[in-house]
Amino acid sequence: MNNPEMNMRFMQIAMKHLPEGKKFLDDKGIELNMEDLQPMLELLLNVMSEAYELGKEHATEESN
């Protein structure tokens, strides 16, 4: 999926939960700055996109 609007919504969700993820890493002694976190955010967005598509596919199957 390459929907800019959906990608923006996914990014908002990721940023909402970023402090919790950062705290988890900090508590484990893993220090990352925003530049280091960027690849992980991209990975998270890919996971969210795939999960969205899976849910969309499932909903379509259920309605048939």
Side-chain angles (χ1 to χ4, degrees):
M1 177 184 79
N2 193 6
N3 179 333
E5 182 179 329
M6 193 59 68
N7 285 344
M8 180 58 72
R9 291 177 69 188
F10 289 159
M11 182 60 82
Q12 289 170 339
I13 293 168
M15 294 307 288
K16 179 174 87 174
H17 294 280
L18 184 63
E20 180 183 353
K22 178 114 173 63
K23 181 181 180 330
F24 174 81
L25 293 173
D26 289 345
D27 289 349
K28 296 289 184 182
I30 302 168
E31 294 184 30
L32 300 174
N33 60 32
M34 280 305 291
E35 186 178 302
D36 295 329
L37 288 173
Q38 186 61 35
M40 291 305 295
L41 283 173
E42 289 178 25
L43 175 64
L44 179 59
L45 293 179
N46 289 338
V47 169
M48 292 168 70
S49 180
E50 283 191 42
Y52 173 82
E53 289 298 324
L54 183 63
K56 187 173 155 183
E57 181 181 310
H58 181 72
T60 301
E61 290 172 1
E62 290 286 316
S63 67
N64 290 335

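None of the values given here were measured: they were computed from a predicted structure.
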Subject >> Pairwise distance CD1(I13) to CE(M8) - rounded to 0.5 angstrom >> reply: 12.5 Å

Subject >> Considering all heavy atoms, the nearest K22-L32 contact >> reply: NZ-O, 3.0 Å

Subject >> Heavy-atom closest pair, residues M48 and F10 >> reply: CE-O, 3.5 Å

Original post:
Going through the checks in order, is the side chain to side chain contact (heavy atoms under 4.5 Å, CB included) test met by K16 and Q12?
Top reply: CA-CA 6 Å; K16 179 174 87 174; Q12 289 170 339; over 6 Å; no

Original post:
What is the distance from atom CG of L54 to atom NZ of K56, rounded to the nearest 0.5 Å?
Top reply: 12.0 Å

Original post:
What is the distance from atom CG of N7 to atom OH of Y52, rounded to the nearest 0.5 Å?
Top reply: 11.0 Å

**OP:** Start with the C-alpha distance between L18 and M34, add both sets of side-chain angles, then the distance that settles side chain to side chain contact (heavy atoms under 4.5 Å, CB included), and finish with yes or no.
**Re:** CA-CA 10 Å; L18 184 63; M34 280 305 291; 3.9 Å; yes

Subject >> E42 side, atom CD; M11 side, atom CE - distance, nearest 0.5 Å >> reply: 7.5 Å

Subject >> Flag, side chain of D27 to backbone of F24, donor-acceptor distance under 3.5 Å >> reply: no

**OP:** Test M15 against L41 for side chain to side chain contact (heavy atoms under 4.5 Å, CB included), laying out the working first.
**Re:** CA-CA 9 Å; M15 294 307 288; L41 283 173; 4.1 Å; yes

Original post:
Roughly how far, to the nearest 0.5 Å, is the CG atom of L37 from the CG atom of L44?
Top reply: 11.0 Å

